[in-house]
Structure formats: structure tokens, C-alpha cells
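One structure is given here, and the rest of the page talks about it.
Numbers restart at 1 for each chain; the letters A, B, ... are given by sequence-line order, proteins then strands.
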Amino acid sequence: MKDITQYVPFSESFFLQPTLVLAEALLGCLLIKETEEGIASGYIVETEAYMGPEDRAAHSFGNKRTKRTEIMFSEPGFVYTYVMHTHCLVNVVSGPKEKPEAVLIRGVEPVDGLELMKKRRNIEDLKNLTNGPGKLTKALGITIADYGRHFSSLPLFLAKGITPDKVSRGVRIGINNSGEARNYPWRFWVTDNPYVSRTRK
DNA sequence: AAGCCGATGATCT
DNA sequence: GATCATCGGCTTT
């Protein structure tokens, strides 16, 4: 097991880039969570941008401000977790303060804590361990308790990983009931990476 | 590939 | 109290 001190969290300035640029820049970055059970981490291989007021698919569409979306209105780099059916999903808040944008993390390639992740997911099959937004949060131990943390500090943070060979871009997954927004090409993934969740339903 | 449906909390009325 | 959602696992073609 690696020592968590070998990883240097990104500083707050990393998150100061336009949301669509950040969404692509996050590909290859290492997402790390430390708990009492140990460290688990993975390279991000799939993201989606949610562009706030003008994006019907975003929780913050029309500047909707609720207890849940409140964190989206703060400075970039904060952790936005929320519950979807029986799963917890994790977003990186982006855009300047008062601009409620975010990047959903949809897939990671396992790096540290393989056994821990298998145990949490209760499966052995590597291919299905972290290839989906609900799967990776369970594998990494990310929960709604992480809401409001910042990705620049422990126990949940982002750090330099690898540079993807090739990146693909296309429409987002699972937002079919959002009119025009369903066709916006705001999904990014590492081309041909096996931990990308799926092609569109 | 496609369809069913579980089971949860925030939000709406 | 009802509705709905950035899903996943399982079953059926």
C-alpha cells in the first residue's frame, strides 16, 4: 500500500479554468480518498460538464438555489455529492463564485486500494469496479458526508496523474428528458479506456 | 441490446 | 404526501 503523503493535492488555482476546459483537464488526474479502511484511488477517465443557469440538465438550471445546489455557487474546487436513487454521485464545483457550474466524474481506472475497492463493491470483476458514477463513489468510499469539502485537501483530493493518449467528446449520458440540453457535447472520456461507463442508452 | 424496477432523499405542491 | 432523479443490477430477447 502506498503512502498518502507521496501525493500532492492540486492547489485551489488548478480549478480556476473554464468548466469545459476543466472537464477535459481532469481526465488522467488521480482521484484519491482516504478513510480509516485505507487509501483508494483511480485515474479519472470520464467526465461531464454541467453548465449552470443555461443548462436544463444541471441541478442549478435557472440559478435554482437550494440546500443541495448551494455548494455549486461557491468557488471552484469544492466537492458536490448528492444521492441519486440508491447511489452517491460526485462532482467538482467549477466556474467562478456565483456561477453554479460543475463537472461530474463518471469513471475512474483503479490505482490504489484494489482489494479495498473490491470489498466495498462486493465484486471481483475489475472491469465493473469503477466504470460508472455510482460505482466509483462506492469503490472509493465517497459519500454525501464529503459534500462541501474541497478537492485541494485530505481526505478527498485530486492530484497529478497521467496524460491521456487520446480524448473523445460527445453527448452526455442519462439526461434524455432535458430538451435541447440532451444534445450538448459536454461529455469527455479517455478514448478506448475500459473504465469508461457506457455508450449512450 | 433493451427493459424492468429497486429503494432514497431533496424538492415541490 | 407525491414526484422525480447526472444509476446499477438483474432479467429477458
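- Both A:Val196 and A:Val167 belong to a common hydrophobic cluster when Ile, Leu, Val, Met, Phe, Trp and Tyr are linked at side-chain heavy-atom distances under 4.5 angstrom.
- More than 12 heavy atoms of other residues, nucleotides or ligands shown are found within 6.0 angstrom of CZ on A:Arg121.
- We find that CG of A:Leu136 is positioned 13 Å from C1' of C:dG8, with the value rounded to whole Å.
- Considering only the side chain of A:Tyr80, C:dT6 comes nearest among B:dT11, C:dT6, C:dC7.
- With 3.5 Å as the limit, one finds a donor-acceptor pair spanning the side chains of A:Tyr7 and A:Asp112.
- Distance CD1 (A:Ile173) to P (C:dG8): 10 Å, rounded to an integer number of Å.
- When distances are taken from the side chain of A:Arg121 to each of C:dT6, B:dA7, C:dG9, the shortest belongs to C:dG9.
- Comparing B:dC12, C:dG8, B:dT8 by their closest approach to the side chain of A:Lys64 singles out B:dC12.
- When both distances must be under 3.5 Å, the Watson-Crick or G-U wobble mate of B:dA7 does not exist.
- Side-chain proximity of A:Lys67 to C:dG8, B:dT11, C:dA5: nearest is B:dT11.
- Side chain to side chain, A:Thr191 and A:Ser168 meet the donor-acceptor criterion of an N or O pair below 3.5 Å.
- A:Arg182 has no side-chain polar atom (N or O) that falls below the 4.0 Å cut-off from OP1 or OP2 of C:dT6.
- Cation-pi geometry between A:Arg172 and A:Tyr50 is met: the NZ or CZ atom falls under 6.0 Å from the ring centre, inside 45° of the normal.
- If you take CZ of A:Arg68 and C1' of B:dT8, they are 12 Å apart, rounded to a whole angstrom.
- Residue ring and nucleobase are not stacked for A:His87 and C:dC7 under a centre distance beneath 5.5 angstrom and an angle between planes beneath 30°.
- Of the candidates C:dC7, B:dT8, C:dT6, the closest approach to any side-chain atom of A:Ile175 belongs to C:dT6.
- The distance between atom CZ of A:Phe61 and atom P of C:dA5, rounded to the nearest whole Å, is 13 Å.
- Figure legend. C:dT6 is base-paired to no nucleotide; pairs are counted as Watson-Crick or G-U wobble with both atom distances under 3.5 Å.
- As a whole-Å value, the separation of A:Met72 CE from C:dT6 P is 11 Å.
- In summary, A:Glu70 and A:Arg65 engage in a salt bridge, as defined by a charged side-chain N under 4.0 Å from a carboxylate O.
- Phosphate proximity of B:dA10 to A:Tyr82: absent, as no side-chain N or O sits under 4.0 Å from OP1 or OP2.
- A:Ala102 comes within 4.0 angstrom of no nucleic acid atom, judged by non-hydrogen atoms across all strands.
- A straight line from NE2 of A:His85 to P of C:dC7 spans 8 Å, rounded to a whole angstrom.
- Residue A:Glu48 contributes atom CD, which lies 8 Å from atom P of C:dC7 at whole-angstrom precision.
- Between A:His59 and C:dT6, a base-stacking contact is recorded: ring centres under 5.5 Å apart, planes less than 30° from parallel.
- Under 4.0 angstrom from either OP1 or OP2 of C:dG8 there lies no side-chain N or O belonging to A:Lys138.
- Across the protein-nucleic acid pair, A:Ile144 atom CD1 and C:dT6 atom P stand 16 Å apart, rounded to whole Å.
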